[in-house]
Colleague: 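Please read through the structure below; I'll follow up with questions.
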Amino acid sequence: MHRAYQPILPCGNKYLQQKWDKTYYEEHKRKVQSAKPMVNTNSPQTYVHLNLKLKKLKLEEERLSIIERDNRLLLEKMSAIMRTKGRVDNKNNYEAKSLNKEKREQELLKVSRENQNIGDRLTKCEPQYRVEKWHEDWVKAERYMDSIAKYPRGWYSMQHPEKASKGKKKPAKKESVRDVKAKARNDDNGGDRGSEEELSTGKQKKCKKDNTTAIKESKNSKQENKKEKKNERKDQQKVGDKKEEAYESGDDGKQEPENGEDLTKNEEKDNEESMNENETSYYETDKEDGSHKSEQSESESESDDDQEQADDDKEQADDDKEQADDDKEHADDDKEQKDNNKEQADNDKEQADDDKEQADDDEQNPDTK
């Protein structure tokens with residue numbers, strides 16, 4: 001009895017209860033063995049196209065095939081060059097063929113014809129503006145301006161000729177002292193060194209005299225030009241003063257002559273008398289603007305005088321500088337002359353020594369003659 005099945009719960013038949021419990025247990029074991037985990041701990045799936053890249057292998061194969069083909073062609077060319085003389089076949093018998101050549105030629109002819117027609121129309125058309133009418137209008141405008149102007153045309157240029165002449169071209173610059181000396185030196189030193197050593201002292205003195213005369217002439221011409229400029233400035237200043245006196249005296253309607261040389265001494269006296277008469281009634285009339293302008297012209301004339309003085313000082317400084325350069329060049333010439341004389345003396349000494357040696361040789365060997 002102790003070996004028989006003992007169920008947990010009471011039952012009517014132990015044999016049947018044992019059989020049912022066994023079936024339940026087997027089913028439980030089967031379920032436990034077939035149960036799936038809630039977390040997937042398996043290794044990830046491996047794909048073939050990631051490990052074995054067929055496209056890459058195909059491209060590499062194609063690249064290698066191209067390289068092999070190029071190498072084969074190159075080898076064939078090299079072998080052909082080695083077998084033959086290595087000529088180059090550069091013949092090209094290809095003829096250009098076009099299907100729309102006639103159409104393009106027709107379009108080109110059409111465009112050229114249209115351009116020619118447009119050019120003919122442009123050349124044949126008449127202008128809308130007339131230059132003659134413009135000139136007539138300008139002459140009329142100038143006449144109106146002259147009629148309402150306070151001063152005549154060209155008054156400022158006559159008052160300030162230096163400022164008006166700034167835009168004009170300067171005359172050709174004269175040759176400086178250095179240029180004259182350089183030309184004279186080039187003329188004198190036309191030969192080589194041998195010819196220079198053969199020149200005598202008389203010729204060198206003559207060249208120096210010519211240089212000094214050329215320098216003096218250039219300096220005299222400069223001084224004369226300065227004097228002429230100063231005289232012209234004084235004449236222009238006189239003309240401006242006379243014109244201002246004439247304008248202040250009330251002769252606005254009359255035009256002054258362009259050159260101051262045409263004015264005579266009697267006219268100057270008349271102008272001075274008229275100025276003295278009009279001094280008393282000057283402030284009674286409305287001529288304060290004229291006085292202001294006269295004061296301005298006086299200040300401008302003073303500034304012009306200062307400018308002239310500065311220019312004269314500058315020219316004097318330039319002349320002094322040129323004189324110093326000339327003195328320096330004269331000193332250099334004297335030094336060269338001394339060197340040449342010294343060389344000539346050395347040459348004469350050497351020649352005398354050679355003659356003496358020759359005489360000694362002749363005395364020692366009289367039989368050689």
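Residue numbers run from 1 in the order of the sequence given. Bear in mind the structure is a predicted one, so any value in this text is a computation, not a measurement.
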Colleague: Got a second to check how far Asp361's CG is from Glu357's CD, nearest 0.5 Å?
Modeller: 7.0 Å
Colleague: What is the distance from atom CD of Glu336 to atom CG of Asp332, rounded to the nearest 0.5 Å?
Modeller: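 Taking CD in Glu336 and CG in Asp332, the distance rounds to 6.5 Å.
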Colleague: How many angstroms lie between atom NE2 of His330 and atom CG of Asp327, to the nearest 0.5 angstrom?
Modeller: 6.5 Å
Colleague: What's the separation between atom CG in Asn117 and atom CG in Asn115, rounded to the nearest 0.5 Å?
Modeller: 9.0 Å
Colleague: With a cut-off of 6.0 Å (strictly less than), are more than 12 heavy atoms of other residues, nucleotides or ligands near CZ of Arg104?
Modeller: yes
Colleague: Please report the C-alpha distance between Leu108 and Glu105 in whole Å, then the side-chain angles of each, then the deciding distance to 0.1 Å, and finally whether the side-chain contact (heavy atoms from CB on, under 4.5 Å) criterion is met.
Modeller: CA-CA 5 Å; Leu108 183 62; Glu105 289 179 353; 5.6 Å; no
Colleague: Keeping to residues at least two apart or across chains, list the side-chain hydrogen bond (donor to acceptor under 3.5 Å, both in side chains) pairs with something in residues 15-32.
Modeller: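 As it turns out, the side-chain hydrogen bond (donor to acceptor under 3.5 Å, both in side chains) pairs with a partner in residues 15-32, which skip direct neighbours, are Tyr5-Asp21, Gln17-Asp21.
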Colleague: More than 12 foreign heavy atoms under 6.0 Å from CD1 of Ile8: is that the case here?
Modeller: no
Colleague: What pairs with Glu62 under side chain to side chain contact (heavy atoms under 4.5 Å, CB included), at least two apart in sequence or on another chain?
Modeller: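 For Glu62, the residues satisfying side chain to side chain contact (heavy atoms under 4.5 Å, CB included) (neighbours in sequence not counted) are Lys58, Leu59, Ser65.
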Colleague: Can a salt bridge be assigned to the pair Glu60 and Lys56 using a cut-off of 4.0 Å between side-chain N and carboxylate O?
Modeller: no
Colleague: So how far is it from Asp325 CG to Asp318 CG, rounded to the nearest 0.5 Å?
Modeller: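 Output value for this atom pair is 10.5 Å.
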Colleague: Hey, are the side chains of Gln316 and Asp313 touching, using non-hydrogen atoms and a 4.5 Å cut-off?
Modeller: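 The answer is no; the side chains never approach within 4.5 Å.
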Colleague: Among residues at least two apart in sequence or on other chains, which ones pass salt bridge (charged side-chain N to carboxylate O under 4.0 Å, His left out) with Glu107?
Modeller: none
Colleague: Identify all side-chain donor-acceptor contacts of residues 129-149 below 3.5 Å with residues at least two apart in sequence or on another chain.
Modeller:
unit_1 : atom_1 : unit_2 : atom_2 : d
Trp138 : NE1    : Glu142 : OE2    : 2.7
Asp146 : OD1    : Arg153 : NH2    : 3.2
Asp146 : OD2    : Arg153 : NH2    : 2.7
Ser147 : OG     : Arg143 : O      : 3.4
Ser147 : OG     : Tyr144 : O      : 2.5

Colleague: Can a donor-acceptor pair be found between the side chains of Asp120 and Gln116 at a distance below 3.5 Å?
Modeller: no
Colleague: Can you name the closest pair of heavy atoms from Ser98 and Asn100 and give their distance?
Modeller: OG-OD1, 3.0 Å
Colleague: In chain order, what residues pass the side chain to side chain donor-acceptor pair (under 3.5 Å) check against Asn71, with sequence neighbours excluded?
Modeller: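 Checked Asn71 against side chain to side chain donor-acceptor pair (under 3.5 Å); zero matches.
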Colleague: Test side-chain contact (heavy atoms from CB on, under 4.5 Å) on Gln344 and Asp348 and set out the steps.
Modeller: CA-CA 6 Å; Gln344 187 68 27; Asp348 294 338; 3.6 Å; yes
Colleague: Tell me whether the rings of Tyr47 and His49 are parallel (<30°), tilted (30 to 60°) or perpendicular (>60°).
Modeller: tilted
Colleague: State which residues pass salt bridge (charged side-chain N to carboxylate O under 4.0 Å, His left out) with Arg113; sequence neighbours excluded, sorted by chain then number.
Modeller: none
Colleague: Take Leu74 and Met78 through the side-chain contact (heavy atoms from CB on, under 4.5 Å) test and state the conclusion after the steps.
Modeller: CA-CA 6 Å; Leu74 184 60; Met78 292 174 68; 4.2 Å; yes
Colleague: Between CG of Leu64 and CD of Glu68, what distance do you get to the nearest 0.5 Å?
Modeller: 6.5 Å
